[in-house]
J.: 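If you scroll down you'll find the structure; I have some questions about it.
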Amino acid sequence: MGLRDMLRAIREYPAVRAELETSRTELRQAQQALEQNQQNCESLLLTSNEQQEYMNFLSHKAEALQDALGEFCPRLSTPEDMKRFYDAISPSMDAQGFTLYRMAKELTGIDVPSLFPYEDNRGMFELMEGHQLMDWLIAVRFQAVDWEIIPGSTYESATLLEVDTSAPEYHAFEKQLYEKVLGRMGFQDILAPGQEVGAIENKTTELKLYSHLSGELTEQEYDDPQPLDGSDLAICHAAPDCFLYSVALC
């Protein structure tokens, strides 16, 4: 090494030494972080194993409780018993009622917002829970809706009427609805044998509660009315000369 190289090395030594110390410090910090992460991984693995064991315990406990429920309680066969059982478990399993509403929608084919365009445009259904939407669905299903023209427009607002919950048709609907809901929630084993039946038959019938915007429906003009879906019903509300139909079950 020549004199010039020696002088340059002497000048650069402090900077090289400082860089080396920095690298050593970063290496120590990285090692400490690695050790900490390894400890965290071991802790998470232990927690995961404990949670898995607890989940297995809860699973076995749920199976045992369901077996005990079937042993000590009679099989559910009436709408009243099914509804009472659903009301008991819904706070923890269907607090907002959307499982109930979606099943009712699946069985009937009734989509509430599409059948009430005036209320839907005002955003009435956006914040509703399933239990609230059920009131509207049941009103459509059992033709318990009264319509009133909105002044200066072709829209109508809807008023829900009281539904006759003592009617055999309502009991049949409620029975099948809660059979399906409890089955979907995993309680099919406590239903009486043969309770779960096929889906409710969807039919489109004439609405006996005629809209103010509709005229009198005569047999001569409508011997064979064509079924309307939800989008057709929405158009009907907006068209002044359109007869209103409702999706209902026979």
Side-chain angles (χ1 to χ4, degrees), residues 83 86-87 90-91 93-165 167 169-170 172-181 184-185 199-217 221-222 225-250:
K83 187 175 186 299
Y86 169 81
D87 290 340
S90 61
M93 297 190 68
D94 190 28
Q96 295 183 330
F98 283 109
T99 299
L100 183 69
Y101 171 70
R102 292 189 187 104
M103 179 55 70
K105 179 180 176 181
E106 179 179 323
L107 291 176
T108 63
I110 297 174
D111 178 59
V112 168
S114 67
L115 299 183
F116 298 93
Y118 174 72
E119 287 77 10
D120 187 34
N121 288 337
R122 296 177 62 196
M124 284 185 57
F125 303 117
E126 292 181 2
L127 299 180
M128 281 191 182
E129 296 183 352
H131 295 300
Q132 296 170 303
L133 291 169
M134 279 295 298
D135 294 335
W136 292 77
L137 185 147
I138 289 175
V140 174
R141 165 66 181 80
F142 293 98
Q143 304 178 4
V145 184
D146 191 21
W147 303 96
E148 182 179 354
I149 298 176
I150 304 301
S153 73
T154 57
Y155 283 96
E156 295 173 284
S157 64
T159 300
L160 304 187
L161 306 177
E162 185 176 357
V163 175
D164 183 7
T165 58
E169 184 182 8
Y170 181 86
F173 165 78
E174 194 173 54
K175 182 172 181 289
Q176 186 169 21
L177 173 61
Y178 283 101
E179 286 169 1
K180 291 292 185 181
V181 169
R184 177 163 294 182
M185 297 172 77
I200 296 174
E201 182 182 3
N202 286 313
K203 291 184 179 179
T204 303
T205 60
E206 301 167 8
L207 185 68
K208 296 179 182 178
L209 302 172
Y210 293 122
S211 159
H212 293 291
L213 295 180
S214 66
E216 290 295 325
L217 185 64
E221 291 174 327
Y222 296 94
Q226 296 298 315
L228 302 179
D229 59 20
S231 59
D232 295 323
L233 288 170
I235 295 173
C236 265
H237 278 286
D241 296 324
C242 179
F243 291 99
L244 181 64
Y245 288 74
S246 174
V247 177
L249 303 174
C250 295

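The shown structure was predicted, so the numbers you read here are calculated from the model rather than taken from an experiment.
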J.: Run the side-chain hydrogen bond (donor to acceptor under 3.5 Å, both in side chains) test against Asp87 and tell me which residues pass, sequence neighbours left out.
T.: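 For Asp87, the residues satisfying side-chain hydrogen bond (donor to acceptor under 3.5 Å, both in side chains) (neighbours in sequence not counted) are Lys83.
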J.: How about Asp164 and Tyr170: do any of their side-chain heavy atoms sit closer than 4.5 Å?
T.: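 Asp164 vs Tyr170: side chains apart.
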J.: Quick check for you: to the nearest 0.5 Å, what is the distance between Glu129 atom CD and Leu100 atom CG?
T.: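 One gets 12.0 Å once the value is rounded to the nearest 0.5 Å.
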J.: Should Lys175 and Glu179 be marked as a salt bridge (Lys or Arg N to Asp or Glu O under 4.0 Å) after you check the CA-CA gap, both sets of side-chain angles, and the distance that decides it?
T.: CA-CA 6 Å; Lys175 182 172 181 289; Glu179 286 169 1; 2.7 Å; yes
J.: What distance separates Arg184 CZ from Arg102 CZ, expressed to the nearest 0.5 Å?
T.: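 Going from the CZ atom of Arg184 to the CZ atom of Arg102 covers 9.5 Å.
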J.: I need the Ser90 OG to Gln96 CD distance, nearest 0.5 Å.
T.: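 If I round to the nearest 0.5 Å, the distance is 11.5 Å.
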J.: Does atom CD1 of Ile150 have more than 12 heavy-atom neighbours from other groups under 6.0 Å away?
T.: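 For Ile150, atom CD1 is crowded (more than 12 foreign heavy atoms under 6.0 Å).
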J.: Report the residues that fulfil ring pair (Phe, Tyr, Trp, His ring centres under 6.0 Å) with Phe125, sequence neighbours left out, ordered by chain and then residue number.
T.: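 With sequence neighbours excluded, Phe125 shows a ring pair (Phe, Tyr, Trp, His ring centres under 6.0 Å) to Trp136, given in chain and number order.
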J.: Once you round to the nearest 0.5 Å, how far does CD of Glu156 lie from CD of Glu119?
T.: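 Reported to 0.5 Å precision, the distance equals 10.0 Å.
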J.: Roughly how far, to the nearest 0.5 Å, is CD of Glu169 from CZ of Arg141?
T.: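 Arg141 atom CZ to Glu169 atom CD measures 4.5 Å (nearest 0.5 Å).
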J.: Within the distance-only criterion (no hydrogens, no angle test), does the side chain of Asp146 pair as donor or acceptor with the backbone N or O of Thr159 below 3.5 angstrom?
T.: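 No, the answer is negative, given that no donor and acceptor are paired below the 3.5 Å cut-off.
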J.: Does Asp111 use its side chain to pair, donor to acceptor, with the backbone of Leu115 at less than 3.5 Å?
T.: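 No, Asp111 side chain to Leu115 backbone: no donor-acceptor pair under 3.5 Å.
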J.: Determine the minimum heavy-atom distance between Val145 and Ala139, stating which atoms define it.
T.: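 Smallest heavy-atom distance, with atoms named: CG2-O, 3.7 Å.
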J.: Please work out whether the ring planes of Tyr118 and Tyr155 are parallel, tilted or perpendicular, with thresholds of 30° and 60°.
T.: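 Judged by the thresholds at 30° and 60°, the geometry between Tyr118 and Tyr155 is tilted.
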J.: For residues Gly130 and Tyr101, report the shortest heavy-atom separation together with the two atoms involved.
T.: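 Looking at all heavy atoms of both residues, the closest pair is O-CB, 3.8 Å.
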J.: Restricting to ring pair (Phe, Tyr, Trp, His ring centres under 6.0 Å), what partner residues turn up for Tyr86, sequence neighbours left out?
T.: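 Residues passing ring pair (Phe, Tyr, Trp, His ring centres under 6.0 Å) with Tyr86: Tyr178.
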J.: Just how far is it from atom NZ of Lys105 to atom CG of Leu177, taken to the nearest 0.5 Å?
T.: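 If I round to the nearest 0.5 Å, the distance is 14.5 Å.
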J.: Is there a donor-acceptor pair closer than 3.5 Å between any side-chain N or O of Asp120 and the backbone N or O of Phe116?
T.: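 No.
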J.: Using side-chain contact (heavy atoms from CB on, under 4.5 Å), reason through Leu107 and Phe173 one step at a time and then give a plain yes or no.
T.: CA-CA 9 Å; Leu107 291 176; Phe173 165 78; 5.6 Å; no
